Structure formats: structure tokens, C-alpha cells
Colleague: 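Quick one: the structure is below, questions incoming.
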Amino acid sequence: MKTLDFEQLFESKLANGEMIEPKDWMPENYRKHNIRQISQHAHSEIVGMLPEGNWITRAPSLRRKLVLLAKVQDEGGHGLYLYTAAESMGISRDELLDALHTGKAKYSSIFNYPTLTWADVPAIGWLVDGAAIMNQVMLQRTSYGPYSRAMIRICKEESFHQRQGYEGMCALAFGTPDQKKMAQDALNRFWFPTLMMFGPPDKESPNSENALKWRIKRETNDELRQKFVNQTVPQIDYLGLDYPTNSGIKWNEAKQEYDFNEPDWVEFKNVISGNGPCNKERIEARVKAHNNGAWVRAAAAAYAEKQKQKSVAA
Ligand code: BYC
């Protein structure tokens, strides 16, 4: 087949809502776009383990410790599914991790903020996992098969994460006055960084046009941000917490949705350029974990080689 025929086949698959699979022909820019997004997503999962992992030893009860441990492990698993999906596009795990460790690849801005009190753990489950699901539900129908299938599995686990977070917020918000104060403080600090997770406003989002054309994304950054606010404000009301200062949250009767203030996009640009409160600390922790894990990778590779030799000999 000529390239033109391949291209027509690719376009017709997209038009018919069919998945693009690893062995299918695809435009080079489609491949690069997916590698960028899927790997950024994978990096977000494994860097996202750090701020919460920090609280495992200090969880207030055995039950909370078990749940948090399971959640953080799930995130490691999500990273693995996503790295594997990215690798199916012809890039190696080493190249992907090297890009993270040298600061070439991005990961979600949210994980460059510190977790200062225990209330930040349920707030992350509620808000951060809530925002992640809002985005990921659409990604279950993304056009690249391995990414779509990874997202279906991840979404199931993220739903559990979101619920455990909200349940933890209920325990604090309906607890003692000091616990309620902690919950309020966590909401105040995480509100705007969570809104940033959806990416810059549509008019300043260079990747959205191709992402929508290729059905990698099916909804825009602004559409998802609005959906998230509409879903989350009634949850704040139920908790009996105040809206964060300067959030501008107000019901708009005509539009049947909540108005809200945009986050500080200058702060966002700073954070994704490596200058957020915890960027340096996060990358240092990742590089240290990677170096400490060298012996595990070497042992796994030696075992795999031995198994291969055995099967050739048999
Ligand atoms: N943080 O053109 P745009 C999770 C970058 S966490 C950092 O709109 P796009 C979890 C963007 O990469 C959630 N960088 O880009 C939860 C681009 O730069 P490059 C992780 C960001 O790709 C709990 C530039 O800004 N989820 O799951 O169309 C615990 C312009 O943006 C951010 C995903 O990654 C950001 N917030 O849209 C543990 C979902 N926003 O690459 C883990 C998959 C934008 O051109 N990703 N940038 O240099 C996506 O859906 C999209 O990539 C985004 C951005 C909506 C994030």
C-alpha cells in the first residue's frame, strides 16, 4: 500500500470510531503526540505516589494506613500500564524515565505542591483523583487502543480513590472543630492547583487542536474544568465547608452551571517549568528511587534471560 492509502485507512478508522493499534500505520505526529501525553500521564502516576506516600507512616489509624497504602500501590500499577502503552509506540522505558529524570518530560503540576497536614490526603483523593477521573472517563474512548484499555482499568481504581478521599473528608468535616479547620485549610490550598490539572485555557492550549482532531481527547480543557466545578461544588456544600477565598464560585441560573475564577496561570507556567514549591524535591526522590532499584532491574533482567535460554534449550 502507498502512504496515501495508509493515511486514508488511518483517517477512516478514526472517522468510524475504530481504535488505532500498535501495528497500524499512523502519522509520525500522532505517535509523538501520544507518547508525550501517555508518558506525561505515567510520570504523573509515579510522581503522584510521593506526596501521599509521605503520610503512610503517619496515618491516624491502621484502617487509614491500609487504605492509603493500597491507593499508593494502585498508582504505581497505573504507571506500569501507562508506560507499557507508551512503549507499544516504539520507545523504551529507559528513554521515558530518562526524560522524566532530566526534566525534559512533564508530569502533572499538582504534585509539585506539598502535603502539609493529614487532611491533604483525603483532599487529594477527593479533589485530585476527582479531577483525574473527570479527564480519564473521556480517555477511556481515546483513539489509541492500548491507552484506551489502560484507562478503562485505571478509571475503576480511581473511582475507589475518589470515594475514599471524600469519605475521609466527611470524617474531618463532621468531626471536631479542629478537624473541620484542617479540612477547610486543605480545600483552600488544593482548589486552584486542582483546577490547573485540566491544562491551560482552550485558547492557550497548543496541543488541543490535534488532540481533538485525532480523537485523543474528546473534550476540551475548559469543558472538563467546568464539569469538575459543577460536580464538586455541591460536595463542598454537603461537607459544610466554605468556598475557597477568591474562588468566585456562584450559581449561574441562566447557564445552569457554576461561575468560578480561573487559577493563576502565571503560577501554573512557573510550576510546569520546574519552579513550583516541590519540583526539585520530587525529581530528586524519583532519581534516588530509580538508582536504589538498579539491583532489582538487573535481577529481573538476569532471570528473564535465564528463562529465555531454558525455553530455547527445551
Ligand atoms: N501539569 O496544550 P495543552 C493522576 C502542559 S494525575 C503539567 O493543553 P494537552 C493521579 C502540556 O503537557 C493526572 N503540565 O496540553 C491522581 C503542554 O506541554 P508540552 C494525570 C501540563 O496535552 C492521583 C502544555 O502544558 N493525568 O492521574 O492537550 C494520584 C500545554 O497544554 C498540565 C493526565 O496526565 C498540567 N496540569 O492537555 C496519582 C491525563 N496541563 O507537553 C496520579 C492525560 C498542561 O507540549 N493528559 N500541561 O510541553 C491529558 O489529558 C492532557 O495531557 C492535559 C493537557 C489535559 C494534562
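For ligands, and for the atoms within them, numbers begin at 1 and follow the listed sequence. Because the structure is a prediction, the values reported are computed rather than measured.
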Colleague: Using non-hydrogen atoms of the residue, decide whether E158 is closer than 4.0 angstrom to ligand 1.
Modeller: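 Flag set, E158 near ligand 1.
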
Colleague: Just which atoms of ligand 1 are under 4.0 Å from any heavy atom in D129?
Modeller: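 Numbered from 1, ligand 1 contributes 16 (C), 23 (C).
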
Colleague: Kindly confirm or rule out an N or O of V128 lying under 3.5 angstrom from an N or O of ligand 1.
Modeller: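 Between V128 and ligand 1 (N or O atoms, distance only) the closest approach is not under 3.5 Å.
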
Colleague: Does a donor on one side chain sit under 3.5 Å from an acceptor on the other, for D202 and T220?
Modeller: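 The criterion, which ignores hydrogens and geometry beyond distance, is satisfied for T220 and D202.
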
Colleague: Verify ring-ring contact (aromatic ring centres under 6.0 Å, His included) between Y243 and F260, making sure each step is shown before the conclusion.
Modeller: CA-CA 10 Å; Y243 299 149; F260 61 96; over 10 Å; no

Colleague: Numbering the atoms of ligand 1 from 1, which are under 4.0 Å from a heavy atom of M197?
Modeller: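 Atoms satisfying the 4.0 Å criterion: 13 (C), 36 (N), 56 (C).
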
Colleague: Take atom CD of E209 as the centre, draw a 6.0 Å sphere, and report whether it contains more than 12 heavy atoms from other residues, nucleotides or ligands.
Modeller: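 Atom CD in E209 is not crowded, with 12 or fewer foreign heavy atoms closer than 6.0 Å.
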
Colleague: For the residue pair F228 and F198, is the inter-centroid distance of their aromatic rings smaller than 6.0 Å?
Modeller: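 Yes; F198 has its ring centre under 6.0 Å from that of F228.
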
Colleague: Is atom CZ of R163 surrounded by more than 12 heavy atoms (other residues, nucleotides or ligands) closer than 6.0 Å?
Modeller: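 For R163, atom CZ is not crowded (no more than 12 foreign heavy atoms under 6.0 Å).
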
Colleague: Checking the N or O distance criterion of under 3.5 Å, is ligand 1 in contact with N207?
Modeller: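 Indeed, backbone or side chain, N207 has an N or O that close.
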
Colleague: Measure up the Y238 and F174 rings against each other and bin them: parallel (under 30°), tilted (30 to 60°), perpendicular (over 60°).
Modeller: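 Perpendicular.
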
Colleague: Please check atom 33 (C) of ligand 1 for a protein heavy-atom neighbour under 4.0 Å.
Modeller: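 It does; a protein heavy atom is within 4.0 Å.
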
Colleague: Considering only heavy atoms, does N135 approach ligand 1 within less than 4.0 Å through its side chain, its backbone, both, or neither?
Modeller: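 Just the side chain.
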
Colleague: Using a 4.0 Å cut-off to any heavy atom of K217, which atoms of ligand 1 qualify?
Modeller: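 In order of number, 9 (P), 28 (O), 37 (O).
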
Colleague: Of all the atoms in ligand 1, which lie at a distance below 4.0 Å from a heavy atom belonging to I272?
Modeller: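 Atoms satisfying the 4.0 Å criterion: 1 (N), 7 (C), 14 (N), 25 (O).
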
Colleague: Looking only at protein heavy atoms, which one is nearest to atom 22 (O) of ligand 1, and what is the separation?
Modeller: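 Looking at atom 22 (O) of ligand 1, the protein heavy atom closest to it is R36 NH2, 3.0 Å.
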
Colleague: Which ligand 1 atoms does G199 reach within 4.0 Å, using its non-hydrogen atoms?
Modeller: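 Taking each heavy atom of G199 in turn, ligand 1 has 40 (N), 44 (C) under 4.0 Å.
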
Colleague: Only heavy atoms of Y147, strictly under 4.0 Å: list the atoms of ligand 1 that pass.
Modeller: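 Answer, ordered by atom number: 43 (C).
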
Colleague: Return yes when Q136 approaches ligand 1 closer than 4.0 angstrom through a heavy atom, no otherwise.
Modeller: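 Right, Q136 reaches ligand 1.
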
Colleague: Do H161 and Y166 meet the criterion of a side-chain donor-acceptor pair at a distance under 3.5 Å?
Modeller: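 Checked: H161/Y166 side chains show no N/O donor-acceptor pair below 3.5 Å.
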
Colleague: Can we say E167 and R64 salt-bridge, meaning some charged N sits less than 4.0 Å from an Asp/Glu carboxylate O?
Modeller: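 Counted as a salt bridge, because a side-chain N and a carboxylate O are separated by less than 4.0 Å.
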
Colleague: Taking non-hydrogen atoms only, is F268 closer than 4.0 angstrom to ligand 1 via side chain, backbone, both or neither?
Modeller: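 Near ligand 1, F268 shows its side chain, while the N, CA, C and O stay back.
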
Colleague: Does the N or O separation between E52 and ligand 1 drop below 3.5 Å for any pair?
Modeller: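 E52 vs ligand 1: no N/O contact under 3.5 Å.
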
Colleague: Closer than 4.0 Å to some heavy atom of P206 - which atoms of ligand 1 meet that?
Modeller: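 By the 4.0 Å cutoff, the relevant atoms are 2 (O), 30 (C).
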
Colleague: Is there any N or O on S44 that sits under 3.5 Å from an N or O of ligand 1?
Modeller: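 Such a contact does not occur with ligand 1.
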
Colleague: Which atoms from ligand 1 have a heavy atom of P200 less than 4.0 Å away?
Modeller: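 So the answer, numbered in order with elements, is 8 (O), 30 (C), 31 (O), 44 (C).
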
Colleague: Do the side-chain N and O atoms of Q226 and D222 include a donor-acceptor pair separated by under 3.5 angstrom?
Modeller: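 Not at all, the side chains of Q226 and D222 share no donor-acceptor pair under 3.5 Å.
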
Colleague: Could you verify whether a donor N or O on one side chain and an acceptor N or O on the other, from Y81 and R153, lie under 3.5 Å apart?
Modeller: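 Result is yes, a qualifying pair exists.
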
Colleague: Would you say M49 contacts ligand 1, with heavy atoms under 4.0 Å as the rule?
Modeller: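 The answer is no, since M49 has no heavy atom less than 4.0 Å from ligand 1.
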
Colleague: Quick check on side-chain hydrogen bond (donor to acceptor under 3.5 Å, both in side chains): which of H78, H43, H41, E45 does Y83 satisfy it with?
Modeller: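 The side-chain hydrogen bond (donor to acceptor under 3.5 Å, both in side chains) with Y83 is passed solely by H43 among H78, H43, H41, E45.
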
Colleague: Any nitrogen or oxygen of S205, side chain or backbone, less than 3.5 Å from one on ligand 1?
Modeller: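 Yes, at least one N or O pair falls under 3.5 Å.
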
Colleague: CG of L14 to NZ of K213: how many Å apart, nearest 0.5 Å?
Modeller: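 That separation rounds to 9.5 Å.
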
Colleague: For atom 10 (C) of ligand 1, which protein heavy atom lies nearest, and how many Å away is it?
Modeller: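 Ranked first by proximity to atom 10 (C) of ligand 1 is F111 CZ, 3.7 Å.
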
Colleague: To which protein heavy atom is atom 42 (C) of ligand 1 closest, and what is the distance rounded to 0.1 Å?
Modeller: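 Sorting protein heavy atoms by distance from atom 42 (C) of ligand 1 puts E45 OE1, 3.3 Å first.
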
Colleague: Which one of A132, S109, G76 has a non-hydrogen atom at the shortest distance from atom 1 (N) of ligand 1?
Modeller: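 Going through A132, S109, G76 one by one, S109 has the nearest heavy atom to atom 1 (N) of ligand 1.
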
Colleague: May I ask you to say whether D185 pairs ionically with R189, meaning some side-chain N is under 4.0 Å from a carboxylate O?
Modeller: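 Counted as a salt bridge, because a side-chain N and a carboxylate O are separated by less than 4.0 Å.
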
Colleague: Check the pair K227 / E219 against salt bridge (charged side-chain N to carboxylate O under 4.0 Å, His left out), numbers first and verdict last.
Modeller: CA-CA 10 Å; K227 267 187 163 177; E219 288 170 88; 2.8 Å; yes

Colleague: Heavy atoms only: which of K106, H43, Q40, H41 is nearest to atom 20 (C) of ligand 1?
Modeller: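 Heavy atom nearest to atom 20 (C) of ligand 1 belongs to H41.
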
Colleague: Decide, yes or no, whether a salt bridge links D74 with K71 under the criterion of side-chain N to carboxylate O below 4.0 Å.
Modeller: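 Answer for the salt bridge query: no.
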
Colleague: Would you mind checking which non-hydrogen protein atom is closest to atom 29 (C) of ligand 1, with the distance to 0.1 Å?
Modeller: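 The answer is E75 OE2, 3.1 Å.
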
Colleague: Check each heavy atom of V271 against ligand 1 and say whether those closer than 4.0 Å belong to the side chain, the backbone, both or neither.
Modeller: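 Neither part.
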
